[in-house]
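This report concerns only the one structure given below.
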2 protein chains.
Amino acid sequence: MNIGEIAKRAGVSRSTVSYALTGRRPVSPETKQRILAVIDELGYRPNAAARALKEGRTRTIGLVIPPASTRLTDMQLGFVASVVDAAARADLDVLLSPSGGEHDRSFERVVTGQRVDGVIVMEIRLEDDRVARLMASGLPFVGIGRTRDPAGMSWVDIDYETLIARCVHHLADLGHRDIALVNRSAELVAAGYGPGHRARAGFDRAVADRGLRGVAVCCADDAQAGQACTEHLLAEHPELTAIATVNEAAAAGVYHALARSGREVPRDFSIVGVAARHWAENLHPPLTAADVPAVELGAQAVDLLLGRIADPSAAHRHLLVAPPISLRATTGPAPA
Amino acid sequence: MNIGEIAKRAGVSRSTVSYALTGRRPVSPETKQRILAVIDELGYRPNAAARALKEGRTRTIGLVIPPASTRLTDMQLGFVASVVDAAARADLDVLLSPSGGEHDRSFERVVTGQRVDGVIVMEIRLEDDRVARLMASGLPFVGIGRTRDPAGMSWVDIDYETLIARCVHHLADLGHRDIALVNRSAELVAAGYGPGHRARAGFDRAVADRGLRGVAVCCADDAQAGQACTEHLLAEHPELTAIATVNEAAAAGVYHALARSGREVPRDFSIVGVAARHWAENLHPPLTAADVPAVELGAQAVDLLLGRIADPSAAHRHLLVAPPISLRATTGPAPA
DNA sequence: CCGATTCGTCGAATCGGTTCGACCGAGGGA
DNA sequence: TCCCTCGGTCGAACCGATTCGACGAATCGG
């Protein structure tokens with residue numbers, strides 16, 4: 001079932017079969033039809049490896065994800081899904097590569113073995129050696145997220161700094177004076193995870209701008225940690241009346257801790273965050289939050305990558321989104 | 001940076017480089033060292049396409065997932081993560097293929113273009129044309145889930161029928177007489193989604209065995225639907241004192257509906273389900289549930305697939321797991 | 001001391017496509 | 001009528017690896 005077999009049965013040469021399929025040279029209607037009939041009958045498809053070898057491209061992109069051991073957040077899942085979706089629309093396949101920890105062989109294989117035409121990297125750190133590796137390799141790539149100095153790369157990202165600042169202003173406008181930031185996990189922040197640092201910076205700046213009293217804490221990415229963290233926060237700072245958070249996975253725990261402390265949301269306490277819309281709406285009560293357009297970002301990342309593959313020397317482009325805050329049910333005036 | 005370049009710089013023939021790398025023929029220590037030095041210096045990796053073409057295998061497996069539009073449940077995410085993880089351990093790459101809906105081109109490409117050595121298929125229906133397609137193609141594959149008559153395939157699956165029956169018996173043992181099943185979405189069940197049907201069958205059988213009164217409903221996979229569904233259920237059947245569920249995504253909504261109706265869990269009402277442990281523990285209160293070992297199942301699926309790739313004519317194997325119910329905080333004696 | 005092994009290496013064939021140069025015949029312009 | 005162009009097709013080269021057969025040199029047993 002290779003191209004030679006098709007050629008033999010159609011009574012033409014292999015090149016003619018190739019031209020009939022790719023259309024890169026004219027083939028007479030009768031010949032073409034005969035070839036297609038044979039192909040259809042035998043269910044022939046060109047061998048992807050042979051084609052990739054000759055053409056020098058694989059029609060596959062790599063998607064570098066955090067290692068499987070760290071559970072994907074809802075937002076990350078949204079990115080993965082939208083990248084896969086957008087790639088499928090462009091008739092590209094997606095090769096998954098967990099990176100970090102023990103799986104660096106996988107990353108190496110993807111980057112170095114000419115298995116993919118380009119790469120999308122998620123979960124970028126301020127200093128990220130995967131990015132350095134990719135830049136050195138010359139392979140086209142796009143970050144979902146960006147390094148501290150992203151001038152030499154193409155990327156899409158969420159403007160956490162602006163968003164958290166906006167959250168703080170929203171709370172300040174409502175009269176809150178003592179607010180807390182529930183950030184991502186201490187490990188992530190310590191490892192230089194961009195959103196954690198940028199959220200912190202935005203929080204500090206806005207708190208200073210509005211003359212508020214702010215306290216920032218880190219919190220692991222699950223409901224139990226969110227609860228523990230909030231209980232601790234309320235015990236240490238009983239004066240708090242609001243929380244801003246970028247940790248969607250912890251939000252349910254934050255709710256429970258507040259309920260157990262006797263505080264009712266939003267009457268006694270306000271919460272505002274940055275989260276996937278799906279997630280914000282499914283909390284109870286629905287979370288007032290900046291809705292991250294994960295689907296759009298993933299699609300844009302694929303777009304950018306296609307551009308770089310088509311012209312690797314083109315100027316780098318990027319997209320920084322700061323979606324507006326959707327008012328739902330968790331923020332209200334500061335209690336008197 | 002191909003093997004010829006390495007050969008030239010090391011002053012040997014291309015075949016010798018190949019033998020030095022694969023070890024399939026002896027190479028003298030000095031020569032080998034010289035070759036490895038050059039390779040190291042130039043950062044050479046064999047071209048994956050060329051190797052695949054000659055060897056006839058790609059060292060890649062396909063993972064067929066539901067289309068991106070339908071959000072992955074926590075359990076499905078666990079499967080994906082564990083498959084990727086297990087594949088990485090075996091030095092295999094994973095090619096993602098959304099199937100269903102508009103993405104059948106992607107599935108076709110994966111199955112037919114000799115891009116992968118084997119395939120793992122998720123979300124299998126009782127009658128599943130992707131399975132039929134794979135059987136016809138002769139490509140090794142393993143299902144996570146199984147068709148109605150899975151004799152001709154290898155698979156791993158969760159024994160929903162037994163598990164839900166076990167849940168019902170657990171509730172009956174606690175004295176509950178009126179119980180409901182909250183199943184997966186009506187669309188899934190209508191489409192012949194196996195777990196939905198098998199859960200229903202196990203529920204009906206156990207309810208009959210114990211002489212209970214049971215009511216089964218379908219429910220979309222999110223918290224809002226869970227709440228609406230439960231409210232409806234309580235309105236129609238106020239005599240209910242317990243719910244068994246296979247719909248982990250709806251559980252939070254079930255909780256809220258019960259709380260809003262004034263029922264306290266587990267004092268007034270019991271809930272028991274089948275869910276990923278991570279998910280059950282993060283609910284509040286933690287859900288008494290059969291903990292699905294998604295990680296183990298994914299790893300087993302990869303194992304089975306490796307076996308089939310190694311020997312496609314070997315007898316089919318399968319694994320049906322029925323993990324015990326972990327008692328947490330949501331079941332108690334039926335109210336008097 | 002000679003024939004048979006064994007070791008280390010090389011050259012050439014091969015995998016299944018794409019693509020380039022060339023060829024033949026028909027049609028069109030001068 | 002002659003020449004050129006162009007449509008349609010073929011054969012051969014090529015992409016970058018693996019692998020088989022062969023061959024020279026060293027080793028070994030008799």
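We name chains A, B, ... by the order of the sequence lines, and we start the count at 1 in each one. As the structure is a computational prediction, the values presented were derived from the model and not from experiment.
Going from atom CG of L53(B) over to atom C1' of dC15(C) covers 4 Å, rounded to whole Å. Put simply, CD1 on I39(A) is 10 Å from P on dG17(C), counting in whole angstrom units. A straight line from CZ of R59(A) to C1' of dT18(C) spans 11 Å, rounded to a whole angstrom. Residue N47(B) contributes atom CG, which lies 6 Å from atom C1' of dG16(D) at whole-angstrom precision. Protein atom CZ of R57(A) is 12 Å distant from nucleotide atom C1' of dT18(C), rounded to whole Å. Residue R14(B) contributes atom CZ, which lies 14 Å from atom P of dT14(C) at whole-angstrom precision. The interatomic distance linking L21(B) (CG) with dT9(C) (P) rounds to 14 Å, in whole Å. Taking atom NZ of residue K54(B) and atom P of nucleotide dT18(D), one finds them 10 Å apart after rounding to whole Å.
When side chains are defined from C-beta on, R45(B) does not count as touching M1(B), because their heavy atoms never get closer than 4.5 Å. Looking only at side-chain heavy atoms (C-beta outward), D93(A) and R115(B) come within less than 4.5 Å of each other.
Around CZ of R34(B), the count of heavy atoms belonging to other residues, nucleotides or ligands within 6.0 Å exceeds 12. Surrounding CD of E55(A) are more than 12 heavy atoms belonging to other residues, nucleotides or ligands, all under 6.0 Å away.
A side-chain hydrogen bond (donor to acceptor under 3.5 Å, both in side chains) with S99(A) is found for one member of R130(A), R133(A), E108(A) and no other, namely R130(A).
Side-chain N/O atoms of R34(A) and base N/O atoms of dG8(D) include no donor-acceptor pair closer than 3.5 Å. No hydrogens or angles were tested; on distance alone, nothing pairs the side chain of R24(A) with the base of dT18(C) as donor and acceptor under 3.5 Å.
Counting only heavy atoms from C-beta on, S15(B) has its side chain closest to dC20(D) among dC20(D), dA17(D), dG16(C). Taking the side chain of Y19(A) as heavy atoms from C-beta on, and the options dG17(C), dG8(D), dC20(C), the nearest nucleotide is dC20(C). Checked against dA17(D), dT9(D), dC10(C), the side chain of R25(A) finds its nearest nucleotide in dT9(D). With dT18(C), dA17(D), dG8(C) as the candidates, the nucleotide lying closest to the side chain of I3(A) is dT18(C).
In terms of phosphate contacts, S28(A) brings a side-chain nitrogen or oxygen within less than 4.0 Å of OP1 or OP2 of dT9(D). Put simply, T31(A) has a side-chain N or O that comes within less than 4.0 Å of OP1 or OP2 on dT9(D).
Residue contacts shown for R45(B) are limited to sugar-phosphate atoms, with no base heavy atom under 4.0 Å away. P26(A) comes within 4.0 angstrom of a nucleotide base, judged by non-hydrogen atoms across all strands. Counting non-hydrogen atoms under 4.0 angstrom, S18(A) reaches a base of the nucleic acid.
No donor-acceptor pair closer than 3.5 Å links the side chain of T31(B) to the backbone N or O of V27(B).
Both G11(B) and N2(A) lie near DNA chain C, and the one whose nearest nucleotide falls closer to the 5' end is G11(B). Positionally, the nearest nucleotide of DNA chain D for S13(A) lies more toward the 5' end than for the other of S13(A) and E55(B).
Nucleotide dG30(D) forms a pair with dC1(C), judged by Watson-Crick or G-U wobble geometry with both contacts under 3.5 Å.
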